[in-house]
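Here is the structure we will look at, set down as structure tokens.
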Amino acid sequence: MTVSDPATAPQSAATAAPRPGPGGIAAAPLPPGLFHDGAVLTVEHLVVEFPAPRGRRVHAVSDVSFDVRDGETLGLVGESGCGKSTTGRAIIRVDRPTSGRVVFDGTELTALGPEALRRARTRIQLIFQDPISSLNPRRRVRDIVAEPLAIWQRGTPAEREQRVRDAITAVGLDYDAAADRRPHEFSGGQCQRISIARALMLDPKVVICDEPVSALDVSVQAQILNLLEDMKARYGLTLLFIAHDLAVVRNISDRVAVMYLGRLCELGPSDDVYARPAHPYTVALLASIPEPDPAAARNVTPIAGDIPSPIDPPSGCRFRTRCPFAQQRCTDEVPPLTAIGPERFVACHFPLATSGPRSSAGSAGSSPEPAPPIQVDTPPTAP
Amino acid sequence: MSLLHKAGRLAFPDVEAPGAPPLLEVDDLHTSFRTPLGLVRAVDGVSFTLQRGRTMGLVGESGSGKTVLSRSIMGLLPRANLERSGRVLFSGHDITAMRPRELRQVWGAHIAMVFQDPMTALNPVVRIGRQITEHLRLHLSMSRSEARETAIALLNSVGIPEPRARLRSYPFQLSGGMRQRVMIAIALACGPKLLLADEPTTGLDVTIQAQILDLLAAQQAERYMAMILVTHDLGVVAGRADDVVVMYAGKIVEMGPTNALFSDVKMPYTEALLASIPRLTDPVHTRLSAIEGRPPDLVSPPHGCRFAPRCRYVQARCTEEEPPLVEGDTPGHLFACWFPVGSITTRGPRPTTAAQSGPSS
Amino acid sequence: MNRLRYVATRLGQLVIVLLLVSFLTFLLVHLLPGDPVTTILGPAGTAQTRALLRAQLGLDHSIPVGYAIWLWHALQGNLGQSYLSHQTVASAISQALPIDIELVIISQVLALAIAIPLAMIAARRPGGWLDQVGSSVSFGMLAIPAFVTGVILQQLFAVHYHVFPATGWTSLTSNFVQNVRDAALPSITVALASVAGYMRLLRAEMINTLQEDFITMARSKGLSTPRILMRHAFRPSTFPLLTAAGLSIAAVVSSDFVVEYIFQAPGLGYQAINAIYARDYLILQGDVLVIAVLFVVSLFVVNMLYAVVDPRTRRAAVT
Amino acid sequence: MPPSPDADAAALPAAGARLAVAASMSVPASSASKRKLGVVFWIAVAWICLVVVMAVFAGLLPIDGPDNLSYLSKLGSSFSHPFGTDELGRDLFSRVIFGSRVSLEVGFGSIFLGLVAGGFAGLIAGYMRGIFDAVTSAVANVILSFPALLLLITVAAFWGRAWWKITLIIAIIATAPLFYVVRSSTISFAGRDFVLAARTMGASRWRIVTREILPNVMPAAISFGLIGVAIAIVAEGTLSFLGLSVAAPTPSWGNIIAEGQSSTAASDPWIWIWPTLIMFMTLLALNIAGDRLQRFFDVREGRL
């Protein structure tokens, strides 16, 4: 899979040198411990900018670095315009990175030529937000799911049909009832199951889930989240899970990365980040979540102000315009991502909590354990 | 702000006299649409009352009939292909019996609505100023300058900076949160007694959602207005509503004071809905309790309890007889279930993987 | 500032299209079989007139140079001279043009005056009996070409009932009443050719607009139906109509031709067709140039109008 | 547009249908396939087929040749001359049928050519964008900037009137709007997630365009094309009405009508009413078929 032909890797030489970040400032050095040995996916100083009218640029993703370890689920969370989806799309180069490196399984995706990229992409698949739009309305389910095999000419027709049958059954649909129907005959949740089946056909290593449950009702959302956990265990997947719903991200992710307006704010094990958020933005986000429990204390006032435009983001720390603790320094200097504890990183000049020795409750998330086996359904918790 | 409280033309008692009718009384309301596929029973026999100054959360998933209900309360649904029965009494006046001319005097002046998506609910080619002032001038007979000053005061009260300049803006020039504030200002303009907020925060980011919900709550308290907060998010109603009504497949399946309902859920659907929400307090990778299957077809809903095919406690009686909405031990807490939560044990754990049937049954 | 720039860009595009259109018109002569000069002049041409015409058409030079010369002449109003009537092309055009302008204005005002109310009535109750009747009629009208409408109207109101004159034209300045009587049938014919298109388009747009949330919002404010239709639904629905009106100028120009021919109203179309029959190619070329330029310019104006009326097109796209 | 949760909104006549559909979301989604083209559509298609078949097999039909002069027959209609004869004694029924050949050849031929050229260019331009799109769009824009019929008339006048020349000119003119329809439809589908999914799975551009986009674009192109055929027939009819299309003895709808309403024949209006009626029915059928198809596939009208 690794491409060694220098002709197809024109960018690889350039990536060795520290690259300039947005605004021509050299990207900040990365904190030690951010990257892990044997990470399956490494994103390094990723910058994605789009042209905007009148020669301006949308700063969709500005200098984002993280990695995803084999078998874990990394949650990427933030509000609209934070660049979480663009990051996911830039990783498989659907959106073209302006600069930065993405290394997948030893292959630098950002340096590949078209044909090599086409091959590399088979092992890293994407699931979309809109389950209906992501399926071709004029094709039958069996053809949609078989399409990846057809493209790569894998197996005999009989083998292909067997694999399609297995995959459709695995995502909880009845093959005989579903195979000859077209997407519009299915509900949103069922369409999302079909997309998941399709994404699994090429035996991917990594699946990027771009808001896969945002368009679904709560009850269906739970079905799909459970299904993703099952598929992850069954096929040994690594997930990059992108969503705006913090509770959903927490439920599925081993580690979580919080983004705001194109920048990474905070990164760490889910339990730890949610228990002791260090970035004021994470705190604000957590305080804003409506909990389905009238007893939950509501003494936190929501942060004021609107999300600024990514065309003209604030200088320094991009959250400073809404941050209750903002100082002059936040306007002048971009806060670098710094380690504040084992596996904990935050980009803030004045982080709220430093992660000391961790409490016993939340130690599970830090070790790259494979996903827990499928549990027997816990009875619903009646409050 | 006294301008906001000029009397409308229809006589509605402004103060709750003892023995006066409740602000809103919905009595066995049915709303159906004639479609090529048959009659879609979107709202099927709904009754409740709402007093002034109370906030009612109306919760349901898509297709539960919550949006249709909120629009039928107002009488806002287009009459073509519509079948409606039952009564909606607003301060004792039956809205369903009103003629269009009378309805228009109620709309905007006494009952106002906040829509889900401010991008589509604000006219894209009309300046915000005119969208706020036009019904002020209509209902309260204000002069152009009076209406303008009132609009500025309104924009100010919903937290829009530089309100004077904003009057000349078009909706697309504002952010999503600002647009929703404008919509709230429009709804509040004539000082309505009842505000119907239909998923007012669904399209908004969570930090903005919190701002908007706080704004609605503050305005509701300040004006002693009744509010129906329609949402699919149990989290939104838990913190904001005095009473909660849960709908499923066109019917109310459970309703009651928020605290009573959340602390003692009776209807298995409500229970299952709550259980399917991921919680911040649960450990990572907690398996969610999903409701299998999908909501029923509203053209030919199942016999008996409509939730029966998806219910984990289902018994023979559930598929034969429809459970009535009755009061349980707690006063005001009603539910429609033959075997409410706690009265019967589960028939063992349900299958964990989704054993879904084919697409359409 | 931004808008100025927009206008400037569009003006630049206009100039380019105008150049292309004029170039194509210039090239028309080269389509003539054999030597264009012989074809145009026929056997009658003397050596002197032949040389003059050759120079006028830019045939002495390569195509680009010839075009430059021809364009230079055209810009000065010199489009040559008819070799049949010896009238200059410019004066022939200046006689014919007012007739076209009058016909276009009357017919389009008429068409919009019929189409807008009908479309709004139809859109209020889609599928209702008014809508069904309107749709059927508009479909029928779409299927009747202008030359058939013209013939029918002429047979009915001129030959059979003598309400209007069958043919002929009196200029506006010489006799107003007679002018109106002469203009009636051709204008109605052209108007009928546009009505169905306008109506269907506006109806479809109105139905879409009336389903928008902002209409429900306007209703929930208690506004009256006429006010909602006029103030909230009509304006957003007219933007496609404007673009269509631009394109239907093409239809007007087309039906103009045949209608002027049927009713013998001596506008540009009538002149051009007679020029074809008489092989008076220079008159034809001049007419083509003028009509094409008018067409392109009106498209431009409509586009600019569109940008002015719809605030959304002025936005600098964010996100 | 392909089905979405509210795909059958188009099938529901009432404003506010969206709400009804939202309410019926839980109706088995197969409902979308219950949309019907309707009886009227099939009548229209049957008429078009009838006219086409008659035109193709005109030579085999038991009718007089279009140029046979039968001085003995009356002008009125009779068993052997259902539409009667014209003032020269030629069988009108035969002339209308033979005349339809020119109209249909030009109508279908030009739109077919325009659809192939414009559709192909539109697909490529819409999917690849970039310089190819810029150039083709500019060309299409220039074509659209020319008054079409004027172009047709003048080119016919300067160049000649063979039916293939007229077909070619109409085809060139028709290429521009067809290009725009296919291009804009392609752009909207190319932005859909299923196209992105195909890309990430490694599908080649060719495969994406032919397998993913083309099947979705076809309905719009074909329904628009049917209406285009009607427009092309009108264009040819106008041309032959003016005597600028096929030369005199060959009948075509336009020149039969023109001859029929000329002064000598004005005594018998049926000479022009018959061809007008047949042409009207055909144009109506094409418009209805195109419109119903558009609605069936929920293609928004008039959005160029």
Side-chain angles (χ1 to χ4, degrees), chain B residues 8-10 67 70-71 74-81 100-127 130-139 168-176 183 186-187 189-190 192 195-196 198, chain C residues 2-3 121-132 202-203 205-243 305-319:
Chain B
R9 285 170 217 160
L10 270 189
T67 294
S70 69
R71 294 196 182 187
M74 215 166 157
L76 199 56
L77 292 166
R79 301 200 173 193
N81 296 306
R101 176 184 289 276
E102 295 170 310
L103 272 177
R104 283 202 296 271
Q105 288 180 30
V106 177
W107 291 345
H110 300 280
I111 309 179
M113 192 154 199
V114 174
F115 290 78
Q116 179 181 131
D117 182 358
M119 189 63 203
T120 60
L122 294 175
N123 194 327
V125 299
V126 176
R127 289 181 203 279
R130 212 183 85 196
Q131 300 198 47
I132 301 181
T133 53
E134 62 182 348
H135 58 312
L136 278 173
R137 301 192 59 196
L138 174 77
H139 291 303
R168 290 194 55 76
S169 300
Y170 288 99
F172 66 83
Q173 292 167 323
L174 302 181
S175 70
M183 186 131 75
I186 292 174
C190 298
L195 185 69
L196 294 160
D198 184 4
Chain C
N2 189 31
R3 221 181 307 178
I121 289 168
R124 252 196 83 181
R125 293 263 153 73
W129 69 272
L130 277 172
D131 181 39
Q132 299 215 336
L202 186 58
R203 170 191 168 273
E205 266 325 300
M206 283 287 277
I207 288 174
N208 281 331
T209 309
L210 286 175
Q211 289 190 10
E212 297 278 355
D213 282 351
F214 63 77
I215 296 300
T216 318
M217 169 97 179
R219 290 181 63 221
S220 84
K221 296 198 300 197
L223 305 182
S224 66
T225 308
R227 191 181 167 95
I228 290 172
L229 285 177
M230 286 312 299
R231 282 301 191 71
H232 284 273
F234 181 63
R235 207 157 83 103
S237 308
T238 50
F239 306 135
L241 186 70
L242 263 180
T243 357
L305 216 59
Y306 182 74
V308 170
V309 178
D310 187 349
R312 285 169 297 187
T313 54
R314 288 188 237 140
R315 89 175 111 175
V318 186
T319 67

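Throughout, protein chains are lettered first and strands after them, A, B, ... in sequence-line order, and every chain is numbered starting at 1. Note: hydrogens, waters and symmetry copies are ignored here, and every other heavy atom, side chains too, is used.
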Please find the pair of heavy atoms, one from [X] and one from [Y], that lie closest to each other, and give the distance.
{"X": "Arg104(B)", "Y": "Leu223(C)", "result": "CD-O, 3.0 Å"}
{"X": "Gly75(B)", "Y": "Arg219(C)", "result": "O-NH2, 4.5 Å"}
{"X": "Ala121(B)", "Y": "Asp213(C)", "result": "CA-CB, 3.7 Å"}

With a 4.5 angstrom heavy-atom cut-off, is it the side chain or the backbone of Thr209(C) that approaches chain B, or both, or neither? neither
At a heavy-atom separation under 4.5 Å, does Arg227(C) approach chain B through its side chain, its backbone, both, or neither? side chain
Does the side chain of Pro171(B) reach to within under 4.5 Å of the side chain of Phe214(C), using non-hydrogen atoms?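 Result no, sub-4.5 Å side-chain heavy-atom pair not found.
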For chain C, find which of Asn123(B), Leu122(B), Thr120(B) contributes the most heavy-atom pairs closer than 4.5 angstrom.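 Ranked by heavy-atom pairs under 4.5 Å with chain C, first place is Asn123(B).
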CZ of Arg231(C) to CD of Glu134(B), rounded to nearest 0.5 Å, is 7.5 Å
Do His139(B) side-chain atoms and Lys221(C) backbone N/O form a donor-acceptor pair below 3.5 Å? yes
Heavy-atom proximity to chain C below 4.5 Å, by part of Ile186(B):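 Just the side chain, heavy atoms under 4.5 Å.
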Picking from Met183(B), Met113(B), Gln131(B), what satisfies side-chain contact (heavy atoms from CB on, under 4.5 Å) with Met217(C)?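 So, applying the side-chain contact (heavy atoms from CB on, under 4.5 Å) to Met217(C) and each of Met183(B), Met113(B), Gln131(B), only Met183(B) qualifies.
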